[in-house]
Amino acid sequence: MKVEGNDWFYTKEVKEHFMNPKNFLKEEKEIKEFNGYGKVGNMKCGDVMEIWLLIEKNKIKDVRWRTFGCASAIASTSAMSEMVKGMSIHNALKLTASDIMDKLKGLPAIKVHCSVLGDEALREAIKDYESNNN
Amino acid sequence: MKVEGNDWFYTKEVKEHFMNPKNFLKEEKEIKEFNGYGKVGNMKCGDVMEIWLLIEKNKIKDVRWRTFGCASAIASTSAMSEMVKGMSIHNALKLTASDIMDKLKGLPAIKVHCSVLGDEALREAIKDYESNNN
Amino acid sequence: MTKTKNIQNTAKELYMDYSATTPTRQAVLDEALPFFVEKYGNPSSFHSTGLVAKRTLQDARERVAKILNCDEKEIVFTGSGTESINLALKGIAFKNMIKNKGLGKGTFITGKIEHPAVLETLEWLEKFGFNIIEIDVDMNGIINLKQLQNDIKKNQEEGLPVLLVSIMYANNEIGTIQPLKEISEICHKYGVPLHSDGCQGAEYLPLDVTKLGVDMLTLNGSKIYGFKGTGLLYKNKNVIIESLIHGGGHENNLRAGTENIAGIVAMAKALEIAEKEKKKETIRLKKLRNYMVKKIKKEIPKVIYNGSATKRLPNNVNFSFEGIEGESILLRLNEAGIRVSTGSACASQSLDPSHVLLAIGLPHGLAHGSIRFTFGKDTTKQKIDYTIRELKSSIKFLRTISPEWNKQKSWRKR
Amino acid sequence: MTKTKNIQNTAKELYMDYSATTPTRQAVLDEALPFFVEKYGNPSSFHSTGLVAKRTLQDARERVAKILNCDEKEIVFTGSGTESINLALKGIAFKNMIKNKGLGKGTFITGKIEHPAVLETLEWLEKFGFNIIEIDVDMNGIINLKQLQNDIKKNQEEGLPVLLVSIMYANNEIGTIQPLKEISEICHKYGVPLHSDGCQGAEYLPLDVTKLGVDMLTLNGSKIYGFKGTGLLYKNKNVIIESLIHGGGHENNLRAGTENIAGIVAMAKALEIAEKEKKKETIRLKKLRNYMVKKIKKEIPKVIYNGSATKRLPNNVNFSFEGIEGESILLRLNEAGIRVSTGSACASQSLDPSHVLLAIGLPHGLAHGSIRFTFGKDTTKQKIDYTIRELKSSIKFLRTISPEWNKQKSWRKR
Ligand SMILES: Cc1ncc(COP(=O)(O)O)c(C=O)c1O
Ligand SMILES: Cc1ncc(COP(=O)(O)O)c(C=O)c1O
């Protein structure tokens, strides 16, 4: 049995991404660099996520995000942002919630459907890019 | 609050009469000295009491008893036996359960009606004496 | 009398009433103690202080489930053995009542020598329309299996479903152990679930619920050197019951309220120690029990050994002494430092003697004259010898002053 | 961040969640401790070991009755606050059902911001035919007295007796204190008994049941530095209820089962200490509370102070922070050693945010973004200052990454 005082509720990976998230949008002015945008979720459920993509030659060159939600929502967005950087659109479209969860070494069952919106936001942003560039 | 380990359930007086009862019948052969006998109670209730009186000149000269029952039954018979020794029949007939209880400095409410049979037994024994001597 | 004084003065009272309640084991207290002042979190709190409590609870549940050989989700921690019994019985009853819009329709079957927690709960449920049947026991206290089977069959045939059978594992007064496996086979043949009150069995008898064949099992802490005010219900996942105490979703929605973490840890530890010592203690106490029984039978005339000689808890001795009343024996022993219990009405709040002793066929007089000695971890041969010595002199004295004892011999003047 | 580490390393976590549960006070534990290993008797046992327990129980009951200014026979010790609430509500309900042959006939009235122990119990009772009414609260969380009176009147006029009104003394989330006396006057005008869940009030508010005007009052140990798994119900002798847990005649026939002597002693001691410190602690904590509220309002933009500014527990601070979600604040504070709670669904088992925050009119987003700080005996100004510092930086960071916070400013490329 492990009952350490500062044990965490989520995995080490979730904790790291939550406490020190990667690729989030620091300033508004960064936005103009990006060419794909997606937003999913709603306030009633308590989770909202925005994503910005910089797509060049069908590759995701860079990514930024913002998330309103619990630790797992924030961590899963951060993890997703690391995963897609450098990916082809083709592969990014195949990314699933369970891929993100694997990267985080798991999430509590109750958290899965509400907080892992990264794959949806990603698809939204790619769709946005495609509708503007085709 | 007093919560001593060997505190007693009954009063000190009950305890003394129960642990060291007075005037009980030690041997069968004593019985022939006595001229009044009474028996009350039954096994179903769990209390039975016998009493032997030696009556001379309307005075109770001596008394013996036997009791089946709980501590309060035994103590109340013993206390009663001390009270009536030397009493006139007249006064003995006026003895009540509450007189006996007073002598014992009280009994738990639940014990009163079942265990204080002394006054009844006494009346039985006096009646027995009178029916044999009048 | 010097001996008595010694025992009292050293505050080493001679406790022979372990079936009434046990002291908490020091090892149990030690393990539970940190959960009062230091690790005080609420398992429902979503922070590290709460997490410590949550993990502790989870761990205790797993430890208990391992001993009972069940799934951890099948353990419901309660606030006593009585609450666990109430949860099992009323849990079934309320489910039925909700289905039937308030009215209870169906039969509960139990035994005549059950604990009041079972009998009074069922008596209460009778008010809602349920049919209650109490099966007889033989003179040893063993349930009449034929009657059980017939009653289940008859009820089912008459269209009254038997909702639950509740038969205790071991009796608290006479120590009789019921053949749970056979009982469960009868129940299951007719599709009836079986609950068992195992409070008295936990310290000495096997607790593997699969082998026992029970669908629900009640245990408590106060009889196994745990904490008073703790208990648990094992409930097979296929048995569906209503909760007794509503509120948060604690205990799988079956018992709301902030969990008594210290008490639950104590329960797990107490069960573990019991499990470890079971075999050895059973052998040791059985020997002491048989020794005491033999000696009392030999040294005190006109005694009745109540209960079964063989299907019996290793720590239980119960005798009736002809011609005298139990409370008076009990209190004389108490003065000698010895703590026992009696089936006499005089030592209880009721007017009737023990329903258990009456059910095994004892007349009122003998039921009033019974004394129960129950052993535990600190019981030794020396203490039993002292007890028998004091018992003998108490019995002798009380018989001297008993009209019942001297009845045959008694005669009146003239 | 060095500060955080210090706090963690000395194991002095910064607990600001006293309304979730309290540690046991050392003085409380010390007084209860002898009743585990040494004075372990069962109060029902008829010997000296049992008598010690019986007297201890009696003594604890008297001590509690003195504080509540009631008769000792009006105190029922239970296994938790939740059980006490269930006993009060179901006790009334079952009595009614027995009278009506199973079916519940009548109305229970409660408030919208009650604890789940009340709301879920009543929801369950609905299945038996009872009518349940939940009275609204205003934006401060105060019950609508007019609506209460009208609902009682209307029900009685329609021939549906109002069996019980149950309104909490103080709310566990926003600390709002209800005007119990006024509520009781309304109830009593119509002959309806009033139960109150006083779990959160016991440490700081007056407990004289006559002055409060309540007919039943629930308290528990886990919120007042007593033991988890302990509680009590004050029940005026004129209110007749059924028992919830049947068995022996314990607790005046209202709660069967071997009494948790240690826990009951702890309850008495905890209440005594609370009573003694009440005045001083209320003044001390109110000052700290007002300090914290003022500072948060000043230093953090776009916050909502939830609950009443004046009719409020001295130890409760509850804020919603626009644009961010509560669990993420909670967990960042947790990393800094600070333990708080949130009304966000994310930190609970449910999908909805706090029903209390919704009832006082908060939109979902703000309800998800609430944090409750509750103080206790070890809370100091220094700890509050540290908490505010950490809170500010957490809020700032989480707002940076929040689409909600940046909504107005947000724009898309092109
Ligand atoms: C207002 C209120 N009522 C009832 C309870 C339930 O008490 P317990 O956890 O002791 O069952 C609590 C605490 O959990 C509470 O805060
Ligand atoms: C056989 C039996 N069942 C149930 C109980 C009740 O347990 P508790 O006192 O923990 O409620 C007891 C002991 O009192 C018992 O001996």
Side-chain angles (χ1 to χ4, degrees), chain C residues 13 15 17 20-24 26 29 36-37 40-42 45-50 79-83 85-86 97-98 101-104 115-117 120-121 124 127-129 222 227-229 244-249 256-263 327 330 334 339-342 347 349, chain D residues 13 15 17 20-24 26 29 36-37 40-42 45-50 79-83 85-86 97-98 101-104 115-117 120-121 124 127-129 222 227-229 244-249 256-263 327 330 334 339-342 347 349:
Chain C
E13 57 180 10
Y15 194 69
D17 201 14
T21 194
T22 49
T24 302
Q26 192 60 50
L29 182 61
F36 288 103
V37 180
Y40 55 85
N42 184 333
S45 291
F46 200 70
H47 49 55
S48 299
T49 312
S80 68
T82 303
E83 186 194 324
I85 291 169
N86 274 255
M97 284 163 68
I98 289 173
K101 305 203 183 309
L103 257 177
H115 191 269
E120 294 195 13
T121 297
W124 185 76
K127 302 185 188 180
F128 294 91
S222 69
F227 284 8
K228 289 176 182 45
L244 182 64
I245 298 177
H246 289 84
T258 305
E259 298 88 344
N260 178 359
I261 299 292
E327 191 219 88
L330 181 151
N334 188 51
R339 315 291 184 236
V340 298
S341 99
T342 171
Q349 303 287 7
Chain D
E13 55 178 12
Y15 194 70
D17 202 14
T21 194
T22 49
T24 302
Q26 192 60 50
L29 181 61
F36 288 103
V37 179
Y40 54 86
N42 184 332
S45 291
F46 199 69
H47 49 56
S48 300
T49 312
S80 68
T82 303
E83 187 195 323
I85 291 169
N86 274 256
M97 284 163 69
I98 289 173
K101 307 205 179 312
L103 256 180
H115 191 268
E120 294 195 14
T121 297
W124 185 76
K127 300 185 188 180
F128 293 91
S222 70
F227 284 10
K228 290 178 182 47
L244 183 64
I245 298 178
H246 289 84
T258 305
E259 298 88 345
N260 178 0
I261 298 292
E327 191 218 88
L330 182 151
N334 189 51
R339 316 291 184 234
V340 298
S341 100
T342 169
Q349 303 286 4

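First the proteins, then the strands, lettered A, B, ... as listed; each starts at 1.
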For the student: nearest non-hydrogen atoms of [X] and [Y], plus distance:
{"X": "D:Ser48", "Y": "C:Asn334", "value": "OG-ND2, 2.8 Å"}
{"X": "C:Gly247", "Y": "D:Thr82", "value": "CA-CG2, 4.4 Å"}
{"X": "D:Gly41", "Y": "C:Lys228", "value": "O-CE, 3.4 Å"}
{"X": "C:Ala20", "Y": "D:Asn42", "value": "O-ND2, 3.2 Å"}
{"X": "C:Met97", "Y": "D:Met97", "value": "CE-CE, 3.6 Å"}

Measure the shortest side-chain to side-chain distance between D:Leu244 and C:Ile245 over non-hydrogen atoms and say whether it is less than 4.5 angstrom.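 Yes, at least one pair of side-chain atoms sits under 4.5 Å.
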
Quick one: are C:Val340 and D:His47 in side-chain contact, heavy atoms under 4.5 Å? no

Most heavy-atom pairs under 4.5 angstrom with chain C, which of D:Thr342, D:Ile98, D:Leu103?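 Looking at each option in turn, the highest pair count goes to D:Ile98.
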
Among C:Gly79, C:Gly50, C:Pro116, who wins on heavy-atom pairs under 4.5 Å with chain D?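 Greatest number of close heavy-atom pairs with chain D: C:Pro116.
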
Mind ranking C:Gly257, C:Gly263, C:Ser341 by heavy-atom pairs under 4.5 Å with chain D and telling me who comes out on top?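 Ranked by heavy-atom pairs under 4.5 Å with chain D, first place is C:Gly257.
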
Parallel, tilted or perpendicular, as decided by the 30° and 60° cut-offs, for the rings of D:Tyr15 and C:Tyr40: perpendicular

Sort [X] into side chain, backbone, both or neither according to what part of it lies under 4.5 angstrom from a heavy atom of chain C.
{"X": "D:Asp17", "value": "side chain"}
{"X": "D:Ala262", "value": "neither"}
{"X": "D:Leu330", "value": "side chain"}
{"X": "D:Asn86", "value": "side chain"}
{"X": "D:Phe36", "value": "both"}

Measuring from atom [atom1] of [X] to atom [atom2] of [Y], what distance do you get when rounded to the nearest 0.5 angstrom?
{"X": "D:Ile261", "Y": "C:Ser222", "atom1": "CD1", "atom2": "OG", "result": "11.0 Å"}
{"X": "C:Asn260", "Y": "D:Asn260", "atom1": "CG", "atom2": "CG", "result": "7.0 Å"}
{"X": "D:Thr21", "Y": "C:Glu259", "atom1": "OG1", "atom2": "CD", "result": "10.0 Å"}
{"X": "C:Phe227", "Y": "D:Phe227", "atom1": "CZ", "atom2": "CZ", "result": "7.5 Å"}

Show, in sequence, the C-alpha distance, side-chain angles and deciding distance for D:Glu13 and C:Thr49, and conclude whether the side-chain hydrogen bond (donor to acceptor under 3.5 Å, both in side chains) test is met. CA-CA 8 Å; D:Glu13 55 178 12; C:Thr49 312; 2.7 Å; yes

